[in-house]
Amino acid sequence: MRVSLSSLKGHLDQGLQPLYLIFGAEVLIVEETLDQIRQVARDQGFNERLRLIVEPGFDWNQLFEQGQTMSLFAERKIIELRLPTGKPGDAGSRALVDYAQSLPPENTLVVVSGPVEKRAQNSKWFKSLDEAGVVTECPAVSADRLPDWIAQRMTGKGLKFDMEAVSHLSHLVEGNLLAASQEIDLLTLLHPNETITTDIIRSAAV
């Protein structure tokens, strides 16, 4: 099922599902979404985490073997399957469809993908994951939405600020969310009890 980024936390609070697909162009948002799932997994006793990266020559049999196999100490396991290109290929498509049709109850698979084109979202592998698990898209933040994203981020860190400062930071990072996040973390460290102004951002960026 499709679950929006804004609704995912509430969905996770209801319990971890056996299958997730997180995809999108914005790496920071994808990774932070994955962190939410990891935290819930830890809270629910998933003590083993396995990372598989789909590269040229990747053996898709690993997915089935790891999914169906309990860990050495019979602990629950979370499997992260990295699909950077968003294109699993023929062998990967078949493997993902087969996995979605026989989900192991003990483990959770999280497919972490780069952007998946609209056409590919109508493919059998994508639809199989959508029907069997939870699919969340992490879209890129457009230039016109970046000030709002920065303002929300700063508010979440407990910072006070004026909108001129937000506009300046938005211009400064040129659409790079990771750079924006790092600047906000620095401001939180250096000026936790001040109202963030353009002058403060200029001094922090020097």
Side-chain angles (χ1 to χ4, degrees), residues 1-44 46 49 51 78-86 96 100 103 108-123 125-163 165-188 192 196:
M1 77 180 76
R2 293 289 187 113
V3 175
S4 68
L5 194 59
S6 60
S7 301
L8 182 62
K9 185 181 183 304
H11 191 274
L12 288 171
D13 288 342
Q14 300 174 24
L16 201 65
Q17 300 298 309
L19 176 62
Y20 291 87
L21 167 61
I22 308 167
F23 73 99
E26 186 49 66
V27 175
L28 176 67
I29 298 177
V30 168
E31 291 300 321
E32 290 185 343
T33 303
L34 175 59
D35 284 341
Q36 291 185 55
I37 297 176
R38 286 173 176 165
Q39 183 59 58
V40 173
R42 286 191 292 268
D43 293 344
Q44 294 188 9
F46 285 71
R49 179 161 61 93
R51 190 182 189 198
I78 182 169
I79 304 167
E80 297 173 10
L81 179 71
R82 298 272 178 166
L83 187 63
T85 65
L96 290 170
L103 293 176
T108 286
L109 171 67
V110 185
V111 180
V112 185
S113 174
V116 179
E117 298 175 354
K118 287 295 183 182
R119 181 178 178 182
Q121 292 180 33
N122 290 319
S123 63
W125 72 267
F126 190 98
K127 287 184 174 180
S128 294
L129 299 188
D130 194 1
E131 291 171 1
V134 176
V135 174
T136 297
E137 182 175 6
C138 302
V141 177
S142 60
D144 61 320
R145 290 180 53 235
L146 183 57
D148 287 340
W149 185 90
I150 289 175
Q152 291 174 5
R153 190 88 171 185
M154 293 175 76
T155 299
K157 294 289 185 177
L159 290 172
K160 298 178 181 178
F161 53 88
D162 61 44
M163 290 309 297
V166 169
S167 179
H168 181 72
L169 181 56
S170 178
H171 176 74
L172 188 68
V173 299
E174 298 180 334
N176 187 326
L177 261 61
L178 179 58
S181 177
Q182 291 171 340
E183 287 293 331
I184 292 168
D185 287 344
L186 183 60
L187 292 168
T188 303
I196 304 302

Measure the spacing between [atom1] of [X] and [atom2] of [Y] and express it to the nearest 0.5 Å.
X      : Y      : atom1 : atom2 : value
Ser170 : Glu183 : OG    : CD    : 12.5 Å
Thr136 : Phe23  : OG1   : CZ    : 8.5 Å
Leu172 : Ser167 : CG    : OG    : 11.0 Å
Ile196 : Leu187 : CD1   : CG    : 5.0 Å
Met1   : Asp130 : CE    : CG    : 9.0 Å
Thr108 : Leu16  : OG1   : CG    : 4.0 Å

Does any non-hydrogen side-chain atom of [Y] lie less than 4.5 Å from one of [X]?
X      : Y      : result
Leu178 : Gln182 : yes
Ile150 : Ile184 : yes
Leu96  : Leu81  : yes
Val141 : Ile29  : yes

May I ask you to decide if [Y]'s main-chain N or O and [X]'s side chain share a donor-acceptor pair within less than 3.5 Å?
X      : Y      : answer
Gln121 : Val116 : yes
Ser181 : Leu177 : no
Thr155 : Ala151 : yes
Ser113 : Leu83  : yes

key: Derivation and outcome, side-chain contact (heavy atoms from CB on, under 4.5 Å), residues Ile78 and Arg42   = CA-CA 9 Å; Ile78 182 169; Arg42 286 191 292 268; over 6 Å; no
request  = Mind running side-chain contact (heavy atoms from CB on, under 4.5 Å) on Ile37 and Ile22 for me, showing each step along the way?
outcome  = CA-CA 10 Å; Ile37 297 176; Ile22 308 167; 3.5 Å; yes
Which atom names give the shortest non-hydrogen contact between [X] and [Y], and what distance separates them?
X      : Y      : answer
Thr33  : Leu5   : OG1-CD1, 3.3 Å
Ala179 : Val173 : C-CG1, 4.0 Å
Gln17  : Tyr20  : N-OH, 2.9 Å
Ala25  : Pro115 : CA-CD, 4.0 Å
Pro147 : Val166 : O-CG1, 3.3 Å
Arg38  : Asp35  : NH1-OD1, 3.0 Å

note = The complete set of salt bridge (charged side-chain N to carboxylate O under 4.0 Å, His left out) pairs with one or both residues in residues 7-33, sequence neighbours excluded, reads Lys9-Asp13, Glu31-Arg82, Glu32-Arg153
message = Regarding Asp148 and Gln152, do their side chains bring together a donor and an acceptor under 3.5 Å, going by distance alone?
response =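 Distance-only check fails for Asp148 and Gln152.
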query = Is the CZ atom of Arg119 crowded by more than 12 outside heavy atoms at less than 6.0 Å?
reply = no
